[in-house]
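Step one of this worksheet: look at the structure below.
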Amino acid sequence: MALQAASPFSPALSSNSRIKLHIFHFKTARLPPIGYHRSSPSLFCTSSSNLPSFSGCSKALSTADDGFPEASASADVVCFGEMLIDFVPTVSGLSLSEAPAFKKAPGGAPANVAVGISRLGGSSAFVGKVGEDEFGYMLANILKENSVNNSGLRFDPGARTALAFVTLRSDGEREFMFYRNPSADMLLKEEELDLELIRKAKIFHYGSISLITEPSRSAHVAAAKAAKDSGVLLSYDPNLRLPLWPSADSAREGILSIWDIADIIKISEEEISFLTQGEDPYDDAVVRKLFHPNLKLLLVTEGPDGCRYYSEEFSGRVPGIKVSAVDTTGAGDAFVAGILSQLAADQSLIKDEARLREALKFANVCGALTVTERGAIPALPTRQAVLDALVNVPV
């Protein structure tokens with residue numbers, strides 16, 4: 001029996017279940033965007049001694065007369081949510097204050113998935129919001145450079161692109177400290193959505209961070225409804241980040257508020273324990289509590305041990321591969337990219353256990369290769385790299 005959740009398509013949560021909003025406004029001097037003209041959110045390369053530069057500077061978005069990006073080619077998988085900058089320490093096993101330096105790396109779970117799918121040869125798009133600042137334009141270009149459709153990306157002139165500082169333990173596991181009070185991704189509005197891009201997709205993928213505050217929560221619900229009404233497969237990775245929520249209870253409630261509309265859900269062992277309030281994540285009976293009547297596939301990632309899968313017809317486990325972990329950031333997103341790239345090509349494999357297991361072995365290798373480098377997007381593997389690694393994976 002699935003856990004009870006509020007209807008995701010209601011205008012607001014009930015008074016007993018409304019997520020508290022904690023938004024702290026701040027004023028700060030704004031950096032002049034690189035070659036940005038207010039009449040158009042396009043990006044131009046300019047030469048100015050007053051502006052820092054980055055490689056790959058190019059026009060990020062084309063615009064129509066209304067100031068929004070023009071409609072572009074559809075994508076098989078549309079990813080919705082946050083895109084940000086991760087600052088990853090160059091030395092593992094130290095606290096943030098002890099780290100001698102940080103490597104700047106683009107990230108954000110939904111954006112990681114979009115780039116991961118493209119690296120694997122798939123067709124993807126990203127829908128979200130970044131700041132009208134240096135980092136925002138850098139991220140827009142990173143999407144473009146990785147052949148991700150960025151026509152659904154918006155720029156906010158009044159908020160910064162989100163930042164996250166990551167603490168790496170000696171085993172590669174990490175903790176996060178976020179700067180988003182509020183960041184641009186939290187301010188995406190329903191009227192800014194490219195609904196046609198979403199409706200034309202085969203799969204619509206999202207997380208839960210965009211549910212924490214308004215207006216991004218309403219935008220999230222509207223986007224998911226548009227996809228669902230158009231017969232698009234809905235993929236959900238809660239990607240629990242407790243420090244971003246007002247409380248553990250609000251996180252649990254927010255994550256479950258959209259649980260029953262998803263067709264595919266990917267969760268970790270830790271998220272099972274959190275959502276079931278401490279029950280054993282290795283007990284199949286506990287996992288089945290999270291399986292709702294409309295769910296087609298529930299995936300449980302177990303890091304280096306691989307993953308478990310559950311459908312109405314069958315369940316099982318696919319072992320992972322052992323690698324030397326440097327940074328686990330983005331491993332789960334690489335796994336999601338791996339399985340969604342296979343499902344976008346052929347959704348019928350959900351019903352065929354043998355083929356599903358092969359697709360999950362592919363996804364496991366995607367995750368494993370990602371932890372061997374620092375940062376999320378920089379570490380995402382190409383399809384050829386995955387195929388080469390699969391040669392050494394036991395049958």
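Each residue takes its place number in the sequence, starting with 1.
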**Side-chain donor or acceptor of Ser311 paired with backbone N/O of Glu313 under 3.5 Å** = yes
**Prompt:** Hey, does Thr301 have a side-chain heavy atom less than 4.5 Å from the side chain of Lys266?
**Reply:** yes
**Asked** Do side-chain atoms of Asn364 reach the backbone of Pro319 as a donor and acceptor pair under 3.5 angstrom?
**Response** yes
**Message:** One pair to check against side chain to side chain donor-acceptor pair (under 3.5 Å): Gln384 and Asp388. What are the steps and the verdict?
**Reply:** CA-CA 6 Å; Gln384 189 58 53; Asp388 291 344; 2.8 Å; yes
**Asked** Would a line drawn from the ring center of Tyr206 to the ring center of Tyr236 be shorter than 6.0 Å?
**Response** yes
**Prompt:** Is there a side-chain contact (heavy atoms from CB on, under 4.5 Å) between Leu290 and Ile267 once you walk through the steps?
**Reply:** CA-CA 10 Å; Leu290 296 170; Ile267 48 176; 3.6 Å; yes
**Request:** Take Glu82 and Asn239 through the test side-chain contact (heavy atoms from CB on, under 4.5 Å) and record every step on the way to the result.
**Result:** CA-CA 11 Å; Glu82 70 279 1; Asn239 192 37; 4.0 Å; yes
**Asked** Any chance NZ of Lys103 has more than 12 other-residue heavy atoms, nucleotides or ligands included, within less than 6.0 Å?
**Response** yes
**Prompt:** Does the Ser218 side chain pair with the main chain of Pro215, one donor and one acceptor, at a distance under 3.5 Å?
**Reply:** no
**Message:** The test is side-chain contact (heavy atoms from CB on, under 4.5 Å); show your working for Phe335 and Leu360 and say whether it passes.
**Reply:** CA-CA 8 Å; Phe335 173 89; Leu360 290 173; 3.9 Å; yes
**Asked** Is the backbone of Ala184 close enough, under 3.5 Å, to the side chain of Arg154 for a donor and an acceptor to pair up by distance?
**Response** no
**Message:** Counting only heavy atoms not in Phe314 (residues, nucleotides, ligands), do more than 12 fall under 6.0 Å from its CZ?
**Reply:** yes
**Asked** Quick one: does Asp263's side chain have a donor or acceptor within less than 3.5 Å of a partner on Leu234's backbone?
**Response** yes
**Asked** Is there a donor-acceptor pair closer than 3.5 Å between any side-chain N or O of Arg355 and the backbone N or O of Ile350?
**Response** no
**Prompt:** How far apart are the C-alpha atoms of Ile85 and Leu139, what are their side-chain angles, what is the distance that settles it, and do they pass the side-chain contact (heavy atoms from CB on, under 4.5 Å) test?
**Reply:** CA-CA 8 Å; Ile85 302 291; Leu139 293 175; 3.6 Å; yes
**Prompt:** Which heavy-atom pair separates Leu211 from Ser257 by the least distance, and what is that distance?
**Reply:** CD1-OG, 4.3 Å
**Prompt:** Looking only at heavy atoms, what is the nearest atom pair of Ala337 and Val113, with distance?
**Reply:** CB-O, 3.8 Å
**Asked** Has the side chain of Ser118 got a donor or acceptor atom that lies under 3.5 Å from a matching backbone atom of Ala114?
**Response** no
**Request:** Mind listing the closest non-hydrogen atom pair of Ile339 and Ala359 along with its distance?
**Result:** CD1-CB, 3.7 Å
**Prompt:** Roughly how far apart are Glu192 CD and Lys129 NZ, rounded to 0.5 Å?
**Reply:** 3.5 Å
**Message:** Tell me whether Leu242 shares a hydrophobic cluster with Leu244, the cluster being built from Ile, Leu, Val, Met, Phe, Trp, Tyr side chains joined at under 4.5 Å.
**Reply:** yes
**Request:** Go through the steps for Tyr309 and Glu353 under the test side chain to side chain donor-acceptor pair (under 3.5 Å), then give the verdict.
**Result:** CA-CA 10 Å; Tyr309 58 91; Glu353 185 172 10; 2.5 Å; yes
**Prompt:** Between the main-chain N or O of Ser315 and the side-chain N or O of Arg308, is there a donor-acceptor pair closer than 3.5 Å?
**Reply:** no
**Request:** Return the minimal non-hydrogen interatomic distance between Pro381 and Leu120, and the atom names on each side.
**Result:** O-CD2, 3.8 Å
**Message:** Tell me whether Asp280 contacts the main-chain N or O of Val286 through its side chain, where contact means a donor paired with an acceptor under 3.5 Å.
**Reply:** no
**Item:** Ring geometry between Phe80 and Phe204 (parallel below 30°, tilted from 30 to 60°, perpendicular above 60°)
**Value:** tilted
**Fill in**
To the nearest 0.5 Å, atom CG of Asp156 lies from atom NZ of Lys189 at 7.5 Å
**Message:** Less than 4.0 angstrom from a charged side-chain N to a carboxylate O is my criterion; do Arg374 and Asp327 meet it?
**Reply:** no
**Prompt:** Does some side-chain heavy atom of Arg160 sit less than 4.5 Å from a side-chain heavy atom of Tyr179?
**Reply:** no
**Request:** Without swapping roles, check the side chain of Trp245 against the backbone of Leu240 for a donor-acceptor pair under 3.5 Å.
**Result:** no
